[in-house]
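To keep things clear, I will list the structure first and then write my remarks on it.
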Amino acid sequence: MNGPTDAPVIRLEGITREYVMGTETVRALRGIDLTIARNEYVAIMGPSGSGKSTMMNVLGCLDTPDGGAYWLNGQEVSRMIDDDLARVRNREIGFVFQTFNLLPRASALANVELPLVYAGATARQRRQRAEEALSRVGLGERMHHRPNELSGGQRQRVAIARALVNNPSILLADEPTGNLDSATSVEIMRVFGELHAQGQTVILVTHEPDIAEHARRVIVLRDGKIDTDRLHPVRTTGAAA
Amino acid sequence: MPLFEAVRLAFSSIRAQKLKSFFSLVGVLIGVTFLIAVVSIVQGMNVYMTDKFAGALIGINTFSVRSQPNIQMGNTTEEQWRQWQRNPRITNADAAFLQERMTTPVRFAREGWNRLTVGWRGRDATDINVHTVDASFFEIKRWDVAEGRFFTPQEVTASADVVVLGYELAERLFQGRDPLGQTVAVGGLPHRVVGVVAEQGNLFGISLDKFAVTPITSPVRRLANRPQIIDAFHVQADDLPTMRAAEEEANALMRVRRGLRPADVNNFHLETSEAALSEWEKISTILFMALPGLVAISLVVGGIVIMNIMLMAVAERTREIGIRKALGAKGRDIMAQFIVESATLSVTGAILGIGTGILLAFTVREFTPLPAAVAPWSIFLGVGLGVAVGMIAGILPARQASRLDPIEALRHE
Ligand SMILES: Nc1ncnc2c1ncn2[C@@H]1O[C@H](COP(=O)(O)OP(=O)(O)O)[C@@H](O)[C@H]1O
Ligand SMILES: [Mg+2]
């Protein structure tokens with residue numbers, strides 16, 4: 001499972017998203033065409049306000065586009081109703097946020113189990129799979145700690161474990177290192193690198209070029225459009241942009 | 001999400017905010033407390049009034065012919081009172097008249113009554129109810145013998161100086177010694193003890209065992225009434241319909257004997273335990289009618305409080321809702337979560353209310369003469385109302401939560 005396979009996991013055609021603010025209309029996405037194959041590792045870059053988060057939310061089925069079509073694994077999700085989108089989010093998508101978004105009162109394990117609760121897994125299956133996911137991100141030891149008892153890096157690992165626990169088709173991360181110091185950022189990026197090496201499709205947003213260097217493909221957005229879309233010929237960990 | 005999971009989640013949310021949760025369920029708690037306590041007390045009273053009160057004061061399926069009521073509950077007008085005072089007393093001849101003419105199969109017993117001192121070897125018990133009666137009085141009362149025997153019709157005919165003592169009176173005078181064959185002074189007159197009645201306990205805190213019974217022909221009768229005058233003529237049937245028939249017959253006969261014309265009111269009184277019970281029934285009906293109102297008001301208030309607490313919870317936990325939705329919770333999962341939480345909160349209040357209600361009922365039973373019996377149906381109703389109030393109160397907040405947009409919810413601080 002090294003290198004992208006032919007069947008695209010994501011296909012976007014002319015995706016638009018507009019926000020109406022009183023009399024003003026903000027065109028956050030102005031027609032995005034994009035194909036991402038299985039096991040790609042994509043970094044999305046671009047200046048603040050260029051539409052990166054909006055695009056991630058559309059990809060993550062948290063938001064529905066105003067125009068265009070979005071196929072995820074051959075299913076046209078841009079036409080789905082809310083309940084079906086919830087199911088897609090649950091089964092197909094792992095989302096990692098800049099601010100972790102863990103439930104503060106729940107243990108790491110309970111947080112990771114959460115998607116499985118909505119997938120209808122039994123308590124035993126949940127526990128077993130959540131433990132596995134936590135070990136995959138190197139947090140096998142601290143499963144019973146609450147988020148406030150964990151460091152930022154550890155919290156983000158819990159969030160990644162939670163995103164992975166349902167074996168999603170795509171792992172999305174919107175500035176996953178935005179709240180972390182540079183040493184911790186490197187650790188977290190190593191986790192993404194490992195997951196990609198294991199066959200996971202990874203799409204992450206960053207505005208730091210050296211973070212983007214971890215990816216094989218870098219897409220730059222500008223004013224809601226794709227400005228550049230290029231491949232790194234060789235992945236050189238830690239190299240400057 | 002399975003229900004069990006949802007309830008566990010609800011408890012963890014409730015625990016996280018103990019004080020707020022407690023205040024939010026006080027309304028339901030009070031409502032259910034009312035329900036349990038009032039039902040317990042009223043039901044206890046019902047059992048008590050029908051079983052014990054009626055039996056102890058008059059006798060089952062029994063009515064008494066009196067010049068005026070002995071048991072008075074409720075309000076009597078001044079005029080009514082004066083009317084009773086003017087009624088002629090009941091005489092031996094009245095009793096004989098009825099006994100000869102009544103055709104309904106019944107048991108008769110005459111009774112005279114006074115409150116006297118009963119003494120034995122210098123030990124005096126004052127204010128003892130002394131009944132002078134026919135021997136059939138014992139059958140009507142359905143008393144059991146603790147020691148010795150009751151006196152016989154022959155002893156009544158022979159005007160024997162014998163006495164049967166109530167349990168507590170015997171204890172008080174003899175303090176463990178054998179009372180049988182001893183001579184006690186009843187109102188200063190010597191009577192030989194032939195028996196002791198089995199213990200009956202108390203009614204509203206008043207002992208039912210402090211009495212003495214002598215034949216209606218014994219010397220003490222002179223202390224009770226003027227010659228030929230009696231206080232009551234008891235008539236007992238074997239069942240209620242027979243008693244009703246006998247009552248009608250006695251009423252008609254007494255009117256004839258007193259020479260009353262159709263327009264005249266009775267100048268005698270027929271007393272049944274029902275008369276006493278009817279007053280109680282009025283009170284219990286009022287209580288039972290007021291109860292749903294009281295409970296409903298508390299529950300509505302409780303429901304509104306819970307609804308507001310849940311609306312606050314939804315606002316405070318917007319981010320949590322966003323996270324859950326981002327991870328795949330459907331609108332109905334969120335809806336169920338908050339309705340279950342609301343219902344759990346409310347049921348917790350209801351269960352606490354059942355506890356305090358039972359506690360209140362038992363406190364009443366311990367510290368007042370009022371009895372109390374917890375009705376199982378009221379407990380089920382309490383829990384049911386708790387669930388219902390919680391679910392209804394949860395609908396609006398839950399719907400609000402389920403409709404939140406995940407992105408906006410996630411952005412919420
Ligand atoms: N909920 C919203 N309401 C109105 N405008 C929004 C909303 N979300 C994003 N925008 C606007 O859309 C544009 C793209 O935003 P975003 O996707 O967050 O950019 P980025 O993540 O690249 O900084 C910006 O101009 C932003 O102000
Ligand atoms: Mg952004």
Side-chain angles (χ1 to χ4, degrees), chain A residues 17 19 28 53-54 56-58 60-64 80-107 110-123 126 130 146-147 158-159 161-166 168 172 174, chain B residues 1-21 310 312-341 344-345 398-413:
Chain A
R17 181 71 172 99
Y19 296 104
S53 293
T54 305
M56 287 299 266
N57 291 338
V58 169
C61 295
L62 287 167
D63 199 1
T64 41
M80 282 184 179
I81 58 161
D82 284 356
D83 276 4
D84 292 329
L85 287 174
R87 189 175 43 76
V88 169
R89 285 200 293 272
N90 187 241
R91 306 286 162 105
E92 307 284 345
I93 290 158
F95 215 121
V96 176
F97 302 90
Q98 179 177 351
T99 52
F100 319 134
N101 278 331
L102 300 175
L103 295 185
R105 284 189 279 110
S107 67
N111 266 291
V112 177
E113 283 186 21
L114 207 51
L116 297 168
V117 169
Y118 295 112
T122 66
R126 285 199 322 245
R146 288 187 179 197
V158 174
R162 185 178 66 184
L164 287 175
V165 76
N166 260 349
L172 302 174
D174 192 350
Chain B
M1 179 161 23
L3 183 65
F4 162 75
E5 206 72 48
V7 172
R8 215 183 51 181
L9 184 66
F11 271 119
S12 83
S13 301
I14 290 168
R15 263 206 310 276
Q17 303 188 309
K18 287 189 196 71
L19 197 66
K20 200 199 274 175
S21 300
M310 292 306 297
M312 277 166 64
V314 170
E316 275 167 18
R317 283 152 62 189
T318 299
R319 203 182 170 92
E320 174 192 325
I321 295 162
I323 293 169
R324 289 179 182 276
K325 284 199 146 186
L327 298 178
K330 297 185 172 83
R332 76 175 92 96
D333 292 319
I334 301 295
M335 180 112 185
Q337 179 189 335
F338 281 92
I339 284 184
V340 167
E341 189 166 323
T344 305
L345 200 61
R399 179 139 58 199
Q400 223 171 67
S402 73
R403 287 178 177 174
L404 285 172
D405 175 65
I407 297 171
E408 272 169 39
L410 281 170
R411 212 180 279 139
H412 195 267
E413 274 315 311

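Reminder, nothing fancy here: chain letters follow the sequence lines and each chain counts from 1. Quick caveat, the model's predicted, so the values are computed rather than measured.
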Spatial distance of atom CZ (B:Arg411) from atom CG (A:Asn101) [nearest 0.5 Å]: 11.5 Å
Contacts of type side chain to side chain contact (heavy atoms under 4.5 Å, CB included), residue B:Ser12, not counting sequence neighbours: A:Arg105, B:Leu9, B:Arg15
Closest contact, heavy atoms only, B:Gly328 versus A:Tyr118: O-CB, 3.9 Å
Minimum-distance pair of heavy atoms, taken over all atoms of A:Leu62 and B:Ile407: O-CD1, 3.6 Å
Minimum-distance pair of heavy atoms, taken over all atoms of B:Ala329 and A:Arg89: O-NH2, 4.3 Å
With sequence neighbours excluded, residues passing ring-ring contact (aromatic ring centres under 6.0 Å, His included) with A:Phe97: A:Phe95
B:Ile323 side, atom CD1; A:Thr99 side, atom OG1 - distance, nearest 0.5 Å: 8.0 Å
Best-contacting candidate, B:Pro406, B:Gly322, B:Ala326, against chain A by heavy atom pairs under 4.5 angstrom: B:Ala326
Partner chain B: residue of A:Asn166, A:Leu114, A:Ile93 with the largest heavy-atom pair count (under 4.5 Å): A:Leu114
For B:Arg332 against A:Asp83, the heavy-atom pair lying closest together: NH2-OD2, 2.9 Å
Verdict with supporting geometry, A:Leu103 and B:Arg324, side-chain contact (heavy atoms from CB on, under 4.5 Å): CA-CA 9 Å; A:Leu103 295 185; B:Arg324 289 179 182 276; 3.6 Å; yes
Contact winner vs chain B - A:Arg162, A:Arg87, A:Arg91, heavy-atom pairs under 4.5 Å: A:Arg162
Most contacts with chain A, counted as non-hydrogen pairs under 4.5 angstrom, among B:Arg319, B:Glu320, B:Lys325: B:Arg319
